[in-house]
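Before any comments, here is the structure.
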Amino acid sequence: MKDFHGKVAVVTGVASGMGRELALELARQGAKLSLCDYDPAGLEKTAAEVRALGAEVHTKVVNVGEREQILAYADEVAEHYGVVNLVFNNAGIAHHASVEKTSFKDYDRLMDVDFWGVVNSSKAFLPHLIASGDGHITNTSSLFGLIGVGGQSAYNAAKFAVRGFTEALRIEMLASGHNVGVSCVHPGGIKTDICNNATVGEGQDQASFADFFNKHLARTEADAAARTILRGVKKNHGRILIGPDAVALDLLARVTGSGYQRIMSFVDSQQSRFL
Ligand SMILES: NC(=O)c1ccc[n+]([C@@H]2O[C@H](COP(=O)([O-])OP(=O)(O)OC[C@H]3O[C@@H](n4cnc5c(N)ncnc54)[C@H](O)[C@@H]3O)[C@@H](O)[C@H]2O)c1
């Protein structure tokens, strides 16, 4: 897909961060949008900003972890616009805690949104993307879908799973000859609300965790991240890395094999002193 003008694009998780910036940039580039989020006020705020840019917008309050909701949403978008060309499965949440302090409930919650949300939406929209004859699906994993990180076992599990699911889907689309591109996005630290909204383990201080991330790890602006994603989609890149941290740590893991885990354990022990 060389440009987005006149294309119908769905973005999940648009109330803040990269989803909001994707919606705004797609609007600037002439796309018609369908936006969803489980935060009704945030959804309407972004929709108003997108409308102010002159773009056509359809909105729906959807929890991506609720399969029936997203299946109904996909049919509603297809009926509303008659076609669906692009889907950005961006919605996500974070949780920081050791394996010992992560409850089964925490794992379920993370997997419901970060993994099942992507699978639910991909399966719901795939028939419409195939039918469009010119489709693209973009699933947001993370740098933490490429490397393991202490304190991130739930997030790591969901984001590695998104990567596996998305790479398999891309191979199937390439083999089938359907004109549906597939990209997996791996952002490093991006300046968004992800850690302000994150949960932490029992006895840990949420504010210190968010503060540490915002001050030391979030290096790339969300609008720049959105533009990188859209450039990657136009080139149908299978893997879209965002930020120098993602590029460097992905390289480190590929060069050192499992050796990077010892380096990360040192980082984890230093970081634990602040959290
Ligand atoms: N910010 C980073 O450093 C970073 C790094 C790697 C990957 N990511 C991923 O990027 C994606 C976007 O996150 P962000 O950083 O912009 O965070 P954010 O918190 O600013 O935005 C996430 C959005 O998703 C929405 N959302 C959350 N759960 C939802 C649900 N169940 N149903 C519908 N909407 C839901 C939120 O309301 C919010 O609008 C996420 O998948 C996240 O895991 C972020």
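Start at 1 and go down the list; that is how both ligands and their atoms are numbered.
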*Just how far is it from atom NZ of Lys159 to atom OG1 of Thr166, taken to the nearest 0.5 Å?*
9.5 Å

*With sequence neighbours excluded, give me every ring-ring contact (aromatic ring centres under 6.0 Å, His included) pair touching residues 159-207.*
none

*Not counting sequence neighbours, list each pair that qualifies as a ring-ring contact (aromatic ring centres under 6.0 Å, His included) and has a residue in residues 215-241.*
Phe212-His216

_ring-ring contact (aromatic ring centres under 6.0 Å, His included) contacts touching residues 44-86 (sequence neighbours left out)_ = His58-His80, Tyr73-Phe125

_Please output the residues near ligand 1 using a strict heavy-atom distance under 4.0 Å, listed in chain and residue-number order._
Gly13, Ala15, Ser16, Gly17, Met18, Asp37, Tyr38, Val62, Asn63, Val64, Asn90, Ala91, Gly92, Ile93, Val113, Thr140, Ser141, Ser142, Tyr155, Lys159, Pro187, Gly188, Gly189, Ile190, Thr192, Asp193, Ile194, Asn197, Phe213

_Regarding Ser103 and Asp106, do their side chains bring together a donor and an acceptor under 3.5 Å, going by distance alone?_
yes

*Taking 4.0 angstrom as the limit, do Glu56 and Arg51 come out as a salt bridge?*
no

